[in-house]
There are 2 protein chains.
Amino acid sequence: MSSHKRASSPKRKPTIREVSRHAGVSTATVSRVLAGLGGASEATQQRIETAVKELGYQRNRMASGLRSQRSTLVGVVIPDLQNPFFTGIVGGIEEVLHEAGYTIFLANSASDVDRERAELQMLQSERICGLLFIPSSASAEAYQDLCDGELPVVAIDRVPGGLALDSVTVANEAGAFQGVTHLIEAGYRKIGLVNGPDEIVVARERGTGYRRALQDAGLKLRPSWMASGSFQSESGYELTKAMLSKKNRPEAVFVGSFVTALGALRAVTELGLKVPDEVALMGFDDMPWAAAMNPPLSVVAQPVREIGRSAAKLLLERLEAPDLGIRSLVLNTDLVVRESCGTGV
Amino acid sequence: MSSHKRASSPKRKPTIREVSRHAGVSTATVSRVLAGLGGASEATQQRIETAVKELGYQRNRMASGLRSQRSTLVGVVIPDLQNPFFTGIVGGIEEVLHEAGYTIFLANSASDVDRERAELQMLQSERICGLLFIPSSASAEAYQDLCDGELPVVAIDRVPGGLALDSVTVANEAGAFQGVTHLIEAGYRKIGLVNGPDEIVVARERGTGYRRALQDAGLKLRPSWMASGSFQSESGYELTKAMLSKKNRPEAVFVGSFVTALGALRAVTELGLKVPDEVALMGFDDMPWAAAMNPPLSVVAQPVREIGRSAAKLLLERLEAPDLGIRSLVLNTDLVVRESCGTGV
DNA sequence: CTGAAAGCGCTAACAT
DNA sequence: ATGTTAGCGCTTTCAG
């Protein structure tokens, strides 16, 4: 039997050395030209370009980064790759980072603290120059070291404890207030709340907004109309079903997240209740298909793309000026009235 | 005014050199231990571990990769970060790659050929060890160089032209056939098709499946009941609305993608038609919220996660055995009957 | 305007 | 079982 060797020719990637030989200059010159530092005659510049093309040369980022101790890699960690709220944010981040010549390295923490820690580690050993992340945990300790390090970091959507970090968040309380107030103005008096877990800051804030809206309107709170579970569809389904099955049921329900609202809608339908005639629904967070739902869902919309964009800009600014003071950006929500709350069109 | 210096101490990341000094051994030993190559006494092993912890050492991947000429970075390119079909695939990929100790580098081509080319370039200069991608273009030329290179690549969901590439695709034609046949067996005779663009292979295949199902059942095709547009929700809305507004309208509509089905559902609702009583609906591709829709949508489900998993496995196998022959995996769809096609529950 | 040379932090022979 | 050494491919002084 013939000995088995690697089939294809070893055709390694061309190095800067080969380009330089090809162009009859030194590697230093090639490096300079490639870095766009000018200071080279038209002629050499030309020859180098040609050589690069002919050889199909591509800069080896490992070597380059190692030597220059710089990187244009920005780490992005989100809790769920499948949640359009998060991917929408990533879209916004990409938009501005790409424009600025940075590359994003996306990691998925799967809402798991250990997993998140591992990804964070990985990103750092990848020598990213900055980090954008949506924390999976509310415990500040988990991120204390991040703040201590010199890596520029901005937290998105939620800021655990009182961490000294740049951040971009959403005015959840004001948003919920706005949504519930709209319901009240539309004439509803008996308004329920189906919320996410109280441990999650954004859910708590939305709950507060709900309560404040009711109280401001002189309506009193009914514990039996206030439920909280997880941010899953199933939880929304069960909580809503239970709430609407009571003898004295609310005429409107404010639901704390989009996914939960899906479940709520299912519950309402299953109970044979008409939306919005028998029960109005208002969700939090908008999705491309909210308008395609049946009925089209009214929501308090978060400026998803803008959240990402702002966070990226914050990071870019800090990259330029590391000594900047800490900045917290709070973005406002938009009320999107469709048909599920009885006041649409 | 005092001169302004960088505020924090320069606190650079510790290098392997420092760890080695700290532990009183050579860098080689540290490197070996860290690589888990054994061959070190318990004692040193212990001391090294301690040193690593104390210093908070993290291996510099650039240096490591540069030296060893290896990488465990796998590039993944998808056309749309916001499309749950694609992110679902990424989820599957992650699952197996993570398990195998690889890191994924996700890039977004935004369905733009130029952008895709740029991302592909970037990934290669990042020295990835393999590539998984969902092509944005159907033109084989755009990817010819990818096949020629020695980089292991697997194409997902669609394979441009007759490219010599490992691939994982879905049995679109069979899936559509299955879905439409179900409609026929449920008693529908007048079945319309609202499809994606004919230029896209998957749409074409689904159209073929639709036609074959009708013909096999002895039903004849009506051009006025067959529409194709884009894979956007808006397109589904318009096409469906137009089709159902005709005097002689179909009693069931097979819709070529999930997003399009959303639009179709909206059109049907706007027309005041009851689903499934007046018109049945069957979509292609399943989503977490399909069941939460109103009515719950019946669909031909693609094994999203499995697609990702298989692709990743294919890549892993090729990484081990680069000389393997080219393999094309075709995955089957599942019929998920819910209420929109009148035969559910 | 260009080149020589010195590493960045790490790994892998090769010694011991 | 551990240390020595020679680079990986690139950037960046420092000289010319």
Side-chain angles (χ1 to χ4, degrees), chain A residues 10-49 51-52 55-73 121-122 124-129, chain B residues 10-52 55-73 101 121-122 124-129:
Chain A
K11 194 167 55 174
R12 284 195 324 87
K13 296 224 163 186
T15 71
I16 201 173
R17 189 76 253 268
E18 290 160 61
V19 175
S20 77
R21 271 201 272 266
H22 219 79
V25 293
S26 76
T27 61
T29 305
V30 178
S31 180
R32 281 190 213 105
V33 169
L34 259 39
L37 293 181
S41 70
E42 263 305 314
T44 33
Q45 200 136 328
Q46 215 47 254
R47 269 180 300 136
I48 290 176
E49 252 169 57
V52 166
L55 269 49
Y57 171 78
Q58 284 180 225
R59 180 224 262 34
N60 180 331
R61 291 216 191 200
M62 286 179 173
S64 157
L66 175 58
R67 174 58 234 237
S68 63
Q69 300 287 26
R70 278 190 275 93
S71 117
T72 55
L73 208 54
Q121 288 265 339
M122 183 274 290
Q124 287 186 256
S125 87
E126 211 65 69
R127 294 316 195 253
I128 51 173
C129 64
Chain B
K11 195 167 55 177
R12 284 197 321 88
K13 296 223 163 186
T15 71
I16 200 173
R17 189 75 254 267
E18 290 160 60
V19 175
S20 77
R21 271 202 273 265
H22 218 79
V25 293
S26 75
T27 62
T29 305
V30 177
S31 181
R32 280 190 213 104
V33 170
L34 260 38
L37 293 181
S41 71
E42 263 305 315
T44 35
Q45 199 136 328
Q46 214 49 252
R47 268 179 300 133
I48 290 176
E49 251 170 57
T50 315
V52 166
L55 270 49
Y57 171 77
Q58 283 181 225
R59 177 219 254 77
N60 180 331
R61 291 218 190 196
M62 287 180 173
S64 158
L66 175 59
R67 173 60 232 237
S68 63
Q69 300 288 26
R70 278 190 276 92
S71 120
T72 55
L73 208 53
Q121 287 266 340
M122 184 273 291
Q124 286 186 256
S125 90
E126 210 66 66
R127 295 316 195 255
I128 51 174
C129 66

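Everything quoted here is computed from the prediction, not taken from an experiment. Naming: A, B, ... by sequence-line order, numbering from 1 per chain.
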Students often get this wrong, so: under 4.0 angstrom with heavy atoms, is [X] touching a base, only sugar-phosphate, or nothing?
| X | answer |
| --- | --- |
| B:Arg59 | sugar-phosphate |
| A:Ala40 | sugar-phosphate |
| A:Arg70 | sugar-phosphate |

Side chain of [X] only, please: which of [options] is the nearest?
| X | options | result |
| --- | --- | --- |
| B:Thr44 | D:dT2, D:dG9, D:dC10 | D:dT2 |
| A:Thr27 | C:dT2, D:dT11, D:dG9 | D:dT11 |
| A:Ser64 | C:dA12, D:dT11, D:dG9 | D:dT11 |
| B:Arg67 | D:dT2, D:dC10, D:dG7 | D:dG7 |
| B:Ser41 | C:dA5, D:dA1, C:dG9 | D:dA1 |

How long is the line joining [atom1] of [X] and [atom2] of [N], in whole Å?
| X | N | atom1 | atom2 | value |
| --- | --- | --- | --- | --- |
| A:Leu66 | C:dG7 | CG | C1' | 9 Å |
| A:Gln58 | D:dG9 | CD | P | 14 Å |
| B:Asn60 | D:dG9 | CG | P | 17 Å |
| B:Met62 | C:dC10 | CE | C1' | 13 Å |
| B:Lys13 | C:dC8 | NZ | P | 18 Å |

**Fill in**
5'-most contact on DNA chain D (nearest-nucleotide basis), B:Ser68 vs B:Arg47, goes to B:Arg47

**Asked** Could one point to a donor on the side chain of A:Arg61 or the base of D:dG9 with an acceptor on the other under 3.5 Å away?
**Response** no

**Request:** Decide yes or no, distance alone: a donor-acceptor N/O pair under 3.5 angstrom between the base of D:dG9 and the side-chain of B:Arg127.
**Result:** no

Would you say that [X] contacts [Y] through its side chain, given a criterion of any heavy-atom pair below 4.5 Å between the two side chains?
| X | Y | value |
| --- | --- | --- |
| A:Thr72 | A:Arg61 | yes |
| B:Val30 | B:Tyr57 | no |
| A:Pro14 | A:His22 | no |

**B:Ser125/A:Arg59 under side-chain hydrogen bond (donor to acceptor under 3.5 Å, both in side chains): CA gap, chis, key distance, verdict** = CA-CA 6 Å; B:Ser125 90; A:Arg59 180 224 262 34; over 6 Å; no

Return no unless some side-chain N or O of [X] is found under 4.0 Å from OP1 or OP2 of [N].
| X | N | result |
| --- | --- | --- |
| B:Thr15 | C:dG9 | no |
| A:Gln69 | C:dG9 | yes |
| A:Ser31 | D:dT11 | yes |

**Message:** Please check: side-chain N/O of B:Thr50 versus main-chain N/O of B:Gln46, any donor-acceptor pairing under 3.5 Å?
**Reply:** yes

